[in-house]
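First the structure, in the form of structure tokens, and then the observations on it.
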There are 2 protein chains.
Amino acid sequence: MCCMSQRAPLSSAGSRRKRSKGDLTSQAILDTAERLLETKSLDEIAVDELTSGAGISRSTFYFHFESREAVLYALSERVSEGLYESAAMWLRRGSEPPADSIRRAIAATVALWRQHGPVLRAAVRARDTNSMMRDFWADVAHRFIDSTAQQIEIERAAGVAVPGPPNARMLANVLISMNESACYNMSLGRKSAARDRELVETLTSVWLRSVYGASD
Amino acid sequence: MCCMSQRAPLSSAGSRRKRSKGDLTSQAILDTAERLLETKSLDEIAVDELTSGAGISRSTFYFHFESREAVLYALSERVSEGLYESAAMWLRRGSEPPADSIRRAIAATVALWRQHGPVLRAAVRARDTNSMMRDFWADVAHRFIDSTAQQIEIERAAGVAVPGPPNARMLANVLISMNESACYNMSLGRKSAARDRELVETLTSVWLRSVYGASD
DNA sequence: CTTCTGAGTCGACACGGTGTCGATTACTTT
DNA sequence: AAAGTAATCGACACCGTGTCGACTCAGAAG
């Protein structure tokens, strides 16, 4: 039912030694996948493209991963930690003004999408055909929306944010959706620091006006 | 290069008579496709599912359509007109307050996604693997963003909307992205009039606060 | 009424990708 | 050096695609 990369750890950090050849080829498959995702979608990538890139035969692939999707799952996990970090930036802000912490969090998200756009795009796309990826994103979204909604309610209770409606949870939901789809689209275009900065400013502005009612 | 449903008209309105059998089967394929999209994604649908649903053999499919994607394109065109209508609602508002025209436009969009969610979702998904669909959406997005940005600038010039930054075009872009992805997600869930209404209110609120700075 | 034409249909085929299995080889461990 | 487990491979059966040439059949032309 559940299934993940089936070869549980494949840790790079952690255990000393025991770089047991298998880990090396798993790693090679992952690297090849990440490289290929820069030019093709996941289901345009054939298994033998993954394995020939790693110097092994096609059938050996199935020793390391259950499916193409399992590879994507493993790649996504490498990246998702970064997502959580950037999300945490808004929360637990000190006496810093909201504008700064929100801008920092959004800038971090945009940067992450710039860096791992292909993987994140593939992960998003796989969400509605693959149950493993659906669960993965459901978990990510749950944490994001929960903590954002909670933060909105705190700010409202403190009289800093404008009160509802809209309901805090749904507001959090649409704002996070907005960020995701804006980042998705951004990562499709050619890299441009100026446009990225403008995107960060635009998203920040929408967040500030929607939650606090002010443009800082 | 370009290619569409290859059998150009397949019009239902227009020509009297000449319901030339071929049009009937094309239509049957389209109907079957729309029905199947309610439960599967486009590339999970095999050609013989489409044709057996229409009572013909698999190979006959290729007489009527060039590919599965061409079927989706034909389906999308049936729906896109509705999109344009709802977009036009904000523009050319009379003396009506912005809150009302924006709410009406968003409500129409949400309703359209409720009605044709499966097709629209498939069309969105096909966007980044199929060039025909990419061009189709590029055209839709272009019209939407252009006219929205233009409207924002008009309202700013009139002193009704808060001035930039953010740049009107990019603001339009992220707001429209937000609407699309919110509708996409909404159409995945079970139909609920209450939730739909709440979504409309939330999106409207974000638009109003982002563009006009007020919740009306 | 026949004949011709082309729109519409079909079965057969070659191709390419998937996933599995049993056999084989390469490392470790004692 | 022997034993066992980790990793690899080729072969195979399966499934979906797209193409091709042959067939059918309705309606226009004679």
Side-chain angles (χ1 to χ4, degrees), chain A residues 1 3-11 15-33 36-37 40-74 126 129-130 132, chain B residues 1 3-11 15-33 36-37 40-74 126 129-130 132:
Chain A
M1 249 318 126
C3 55
M4 54 197 119
S5 63
Q6 127 181 349
R7 179 140 306 289
L10 67 72
S11 52
S15 57
R16 299 190 319 115
R17 296 163 108 274
K18 258 323 157 46
R19 208 90 188 88
S20 57
K21 192 175 187 196
D23 280 352
L24 267 311
T25 45
S26 290
Q27 201 55 46
I29 291 174
L30 289 175
D31 293 343
T32 307
L36 288 175
L37 280 175
K40 317 173 131 182
S41 82
L42 185 66
D43 36 36
E44 286 168 341
I45 298 177
V47 170
D48 58 12
E49 294 180 277
L50 257 26
T51 52
S52 69
I56 54 175
S57 88
R58 200 179 65 84
S59 55
T60 301
F61 170 86
Y62 295 97
F63 178 80
H64 296 278
F65 295 97
E66 195 183 45
S67 62
R68 276 204 278 21
E69 282 73 26
V71 175
L72 181 58
Y73 182 83
T129 45
N130 183 262
M132 180 170 42
Chain B
M1 248 318 126
C3 57
M4 51 194 122
S5 63
Q6 129 181 347
R7 178 137 306 291
L10 70 69
S11 52
S15 55
R16 301 191 317 116
R17 293 163 109 275
K18 261 310 149 66
R19 208 89 189 89
S20 58
K21 196 175 186 200
D23 279 352
L24 268 310
T25 45
S26 290
Q27 200 54 45
I29 290 175
L30 289 175
D31 294 342
T32 308
L36 288 176
L37 279 175
K40 315 174 134 184
S41 82
L42 185 67
D43 35 34
E44 286 168 340
I45 299 176
V47 170
D48 59 12
E49 295 180 278
L50 256 27
T51 52
S52 70
I56 54 175
S57 90
R58 199 179 65 83
S59 54
T60 302
F61 170 84
Y62 296 96
F63 179 80
H64 297 278
F65 296 97
E66 194 183 47
S67 62
R68 278 208 274 21
E69 283 73 25
V71 175
L72 181 58
Y73 183 83
T129 45
N130 183 262
M132 179 170 43

Nearest 0.5 Å, please: how far is CD in E49(B) from CZ in R58(B)? 12.0 Å
Between I56(B) (CD1) and dC25(D) (C1'), how many Å, whole number? 16 Å
Can you tell me the distance, in whole Å, between the CG atom of L24(B) and the P atom of dA26(D)? 14 Å
D48(A) CG to dG17(C) C1': how many Å, rounded? 8 Å
So for R58(A) and dG19(C), does any side-chain atom that can act as donor or acceptor lie under 3.5 Å from a complementary atom in the base? yes
If you go through the side-chain atoms of S59(A), does one of them form a donor-acceptor pair with the base of dG10(D) closer than 3.5 Å? yes
Send over the distance from Q27(B) CD to dG8(C) P, rounded to a whole Å. 14 Å
Donor-acceptor check, side chain of S52(B) to backbone of D48(B), threshold 3.5 angstrom: yes or no? yes
In whole angstroms, the gap separating C1' of dG16(D) from CG of D43(B) amounts to 13 Å
From dT18(C), dT9(C), dA6(D), pick the nucleotide closest to the side chain of T60(B)? dT9(C)
Any side-chain N or O of H64(A) under 4.0 Å from OP1/OP2 of dA6(D)? no
Closest contact, heavy atoms only, F61(B) versus R68(B): CZ-N, 4.0 Å
Under the 3.5 angstrom rule, does the side chain of S67(A) hit a backbone N or O of A70(A) as a donor-acceptor pair? yes
Does T25(B) put a side-chain nitrogen or oxygen below 4.0 Å from OP1 or OP2 of dT9(C)? yes
Find the distance E66(A):CD to dG19(C):P and express it as a whole number of Å. 9 Å
For F65(A) and dA7(D), give me the distance from atom CZ to atom P, rounded to whole Å. 12 Å
I want to check something: taking the side chain as every heavy atom from C-beta on, are L36(B) and L50(B) in contact at a cut-off of under 4.5 Å? yes
Under 4.0 Å: is that the gap between some side-chain N or O of S57(B) and OP1 or OP2 of dC10(C)? yes
F61(A) CZ to dT20(C) C1', straight-line distance once rounded to whole Å: 14 Å
